[in-house]
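Right, one structure below, let's go through it.
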Amino acid sequence: MSESKSEPKSEPKSEIAPETASPLEQSESEIVASRRAKLKRFREELGFEPYGQREDGLLARSDARTRFSESAHVAFDLASKEAKAAGTAANAAADTRAVVRVAGRVVQHRDMGKLVFLFLRDATGDLQISVSKSSVAANAFELAKHADYGDILVAEGPIGRTNKGEICVWATSISLGTKSLAAPPEKWHGLTDPELRYRRRYVDMYANPETAKVFAMRARIVSRIRRFMDARGFLEVETPVLQPIAGGAAARPFTTHHNALDMPLFMRIAPELYLKRCLVGGMRKVYEINRNFRNEGIDRSHNPEFTAMEVYEAFGDYGTMMELTESLIHDLAVSMIDERRAAGLRVDADLAEGGPTLPWGELAINYAKPFVRVKFEDLFRQGAGCEMRDFAAVRAKARELGLHHEAKLDDWLVVNEVFEECAEPLIDPCRPTFVTDYPSAVSPLTRPSRTDPALCERWDIFIGGMEVGPAYTELNDPDIQLAKFTEQLKGADDEESTFRTLDEDFVESLRVGMPPAGGLGIGIDRLVMLLTDSASIRDVILFPLLKSMGASSPDAGASDESGKGA
RNA sequence: GAUUGCGUAGCUCAGUCGGUAGAGCAGCGGCCUUUUAAGCCGUAGGUCCUGGGUUCAAGUCCCAGCGCAAUCACCA
């Protein structure tokens with residue numbers, strides 16, 4: 001932080017605590033031990049390879065179930081009952097049931113003696129496998145009987161149903177896909193501890209099918225965004241994640257270092273300055289969907305690395321970007337109706353009211369076009385009860401609100417604070433809302449309005465109370481840009497100046513000449529949260545950052561003169 | 001960063017007034033050819049997050065720390 005004295009925080013000794021057993025071995029519980037014993041038995045006594053092999057012709061659970069034919073099932077059932085009554089073997093040729101080959105993780109196991117029911121789970125759902133002692137080889141029956149929760153099995157057989165109506169595969173063969181050694185979560189309650197769900201996401205994903213569904217939906221949402229952008233003639237580009245200067249936003253960056261070049265580098269906080277260089281180079285319409293990294297706090301809507309889309313269109317402006325954003329988000333919302341239906345989620349949304357309505361927590365967000373548009377100045381007046389340009393009134397309002405540091409702030413910053421306090425809460429969280437024409441003073445990288453220099457051509461879109469993204473008519477005057485950068489650097493404190501540097505090459509690119517342009521940034525994670533009804537950004541990021549566990553080494557056996565005992 | 005809450009068996013959770021650590025599922029050994037959280041009989045399983053303190057006695061009360069969550073602050 002501010003004090004970077006030459007005092008090392010930790011002892012440089014770095015002595016590695018010699019552990020008697022590895023953490024994995026230490027955690028070897030009775031359950032794991034019995035699974036290891038079983039693995040050995042499956043391999044040595046039953047002849048199954050515990051880590052499987054290539055399998056061809058596997059059907060997803062959802063496809064396998066569509067192969068079920070009631071008539072084939074009834075015909076076979078009748079034929080086998082008659083054969084049994086007549087004391088003869090059933091005519092195998094008369095069996096018209098489809099034969100399927102499936103694989104999945106054991107999530108239910110019911111041993112009835114000579115008949116074993118298993119539920120195998122794959123990414124598309126659960127499918128029952130019924131294993132009769134009389135229908136499979138002896139070793140396969142033993143495998144089915146002693147399979148553990150979490151094991152991955154491969155099964156083949158005709159698809160029929162049970163007396164209770166459960167569609168199932170009547171197995172004729174069973175083999176081991178992979179033996180699971182770890183203790184599984186509780187089979188009914190599953191894994192509910194949020195910390196364990198994030199730390200052991202690989203368990204969460206199979207134990208809680210909703211989790212996997214959200215990530216499948218996320219993948220399709222991102223695909224749709226790309227198709228939308230491609231169809232509009234945008235070129236997807238990839239710009240540096242490792243940047244010598246962290247520009248394009250004001251966040252604190254992560255720092256790193258390139259050894260061969262002996263050069264400090266920053267993980268990017270935004271791709272903006274490189275995408276603009278693409279416009280200078282002659283690309284008319286570009287976008288990038290990629291990770292940004294910001295060394296800031298973590299909460300329900302912030303993860304240190306997050307996915308953003310930035311879009312730049314030459315000869316566009318913030319109005320162009322507004323139309324694009326509105327169409328994109330509307331189209332995505334429409335597609336979520338079918339997504340939710342397919343995922344078996346609540347669909348009280350309907351298009352009759354002029355647009356799709358999707359639940360987000362307690363809210364029902366209506367994505368009908370057009371989205372709400374409100375001018376910053378009008379919303380301010382409505383919320384604060386005074387004109388934003390009447391600074392005396394605004395400051396009075398700020399003091400009334402208890403914004404005690406008001407006196408230290410520039411007029412427009414006070415306006416901004418009062419706006420966030422009084423006006424933003426007025427935005428209907430159930431309607432996507434563009435707040436337009438921000439004060440120029442709080443938007444340094446935006447082109448000032450041609451009609452009113454106090455304002456600038458910028459909007460922010462709010463959905464569900466979250467800021468999903470801003471758009472600008474981009475500033476492309478190199479002299480003004482340079483002046484703004486210089487001003488920004490002047491205001492930087494000690495900490496900021498360690499990572500904030502003037503990007504002279506970017507200014508130079510503007511001197512070469514960047515066409516007038518509209519630019520847009522959208523937080524993909526937040527958009528996915530809204531569309532998938534997820535409360536936290538961690539629910540839409542597969543492996544969110546958590547604090548590391550097991551930092552017990554510092555005080556392990558080090559030199560301790562702390563008087564122990566009294 | 002602040003406040004509040006939580007942390008007990010592999011998992012999901014009880015644990016009263018401070019008095020020998022509990023259940024279900026999972027595990028292990030049995031029985032069962034139509035189960036749907038299957039059932040029945042038997043059995044085993046604990047660093048009560050960590051470290052101090054108070055007390056004859058602490059899972060329980062106090063202090064500090066660690067982790068997680070929520071809210072707030074921060075984040076153009």
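The sequence lines fix the lettering, A, B, ..., with proteins before strands; numbering per chain opens at 1.
- Using a 4.0 Å heavy-atom distance criterion, A:Phe119 is classed as a base contact.
- Between A:Leu115 and A:Leu191, the residue whose closest nucleotide on RNA chain B is further toward the 5' end is A:Leu191.
- Of the candidate nucleotides B:A37, B:C68, B:A76, B:A76 has the atom lying nearest to any side-chain atom of A:Ala250.
- Applying the side chain to side chain contact (heavy atoms under 4.5 Å, CB included) test between A:Trp459 and each of A:Val435, A:Asp437, A:Thr325, A:Val374 identifies A:Thr325 as the sole match.
- Across all strands shown, B:U43 forms a Watson-Crick or G-U wobble pair, both distances under 3.5 Å, with B:G27.
- Pair assignment for B:U3 gives B:A70, based on Watson-Crick or G-U wobble hydrogen-bonding distances that are each under 3.5 Å.
- Between A:Arg300 and B:U71, a side-chain N or O to OP1/OP2 separation shorter than 4.0 Å is present.
- Looking at heavy-atom distances under 4.0 Å, A:Ala249 makes contact with a base.
- Among the heavy atoms of the strands lying under 4.0 Å from A:Asp111 is at least one base atom, whether or not backbone atoms are also near.
- Judged by Watson-Crick or G-U wobble contacts below 3.5 Å, the nucleotide B:G22 has B:C13 as its partner.
- Comparing B:A26, B:U34, B:U36 by their closest approach to the side chain of A:Phe117 singles out B:U34.
- Taking the side chain of A:Arg199 as heavy atoms from C-beta on, and the options B:C68, B:U34, B:G27, the nearest nucleotide is B:C68.
- In this entry B:A37 has no Watson-Crick or G-U wobble partner, no candidate having both defining distances under 3.5 Å.
- Base-pair partner of B:U50: B:A64 (Watson-Crick or G-U wobble, both distances under 3.5 Å).
- Within the cation-pi definition used here (under 6.0 Å to the ring centroid, within 45° of the axis), A:Arg458 does not qualify as a partner of A:Tyr472.
- Checked against a 6.0 Å centroid threshold, the rings of A:Tyr438 and A:Phe376 count as neighbours.
- Where A:Lys38 and A:Met112 each meet RNA chain B at their nearest nucleotide, the meeting point lying more 5' is that of A:Lys38.
- Residue side chain A:Thr162 reaches the base of B:U36 through a donor-acceptor N/O pair under 3.5 Å, judged by distance alone.
- Remark: P of B:G24 and OH of A:Tyr149 are 16 Å apart, rounded to the nearest angstrom.
- Looking at heavy-atom distances under 4.0 Å, A:Gln128 makes contact with a base.
- Taking the six-membered ring for Trp and the full ring otherwise, the centers of A:Phe254 and A:Phe266 sit at least 6.0 Å from each other.
- For B:G27, the OP1/OP2 oxygens have no side-chain nitrogen or oxygen of A:Ser34 closer than 4.0 Å.
- Cation-pi geometry between A:Arg97 and A:Phe76 is met: under 6.0 angstrom from the ring centre, within 45 degrees of the axis.
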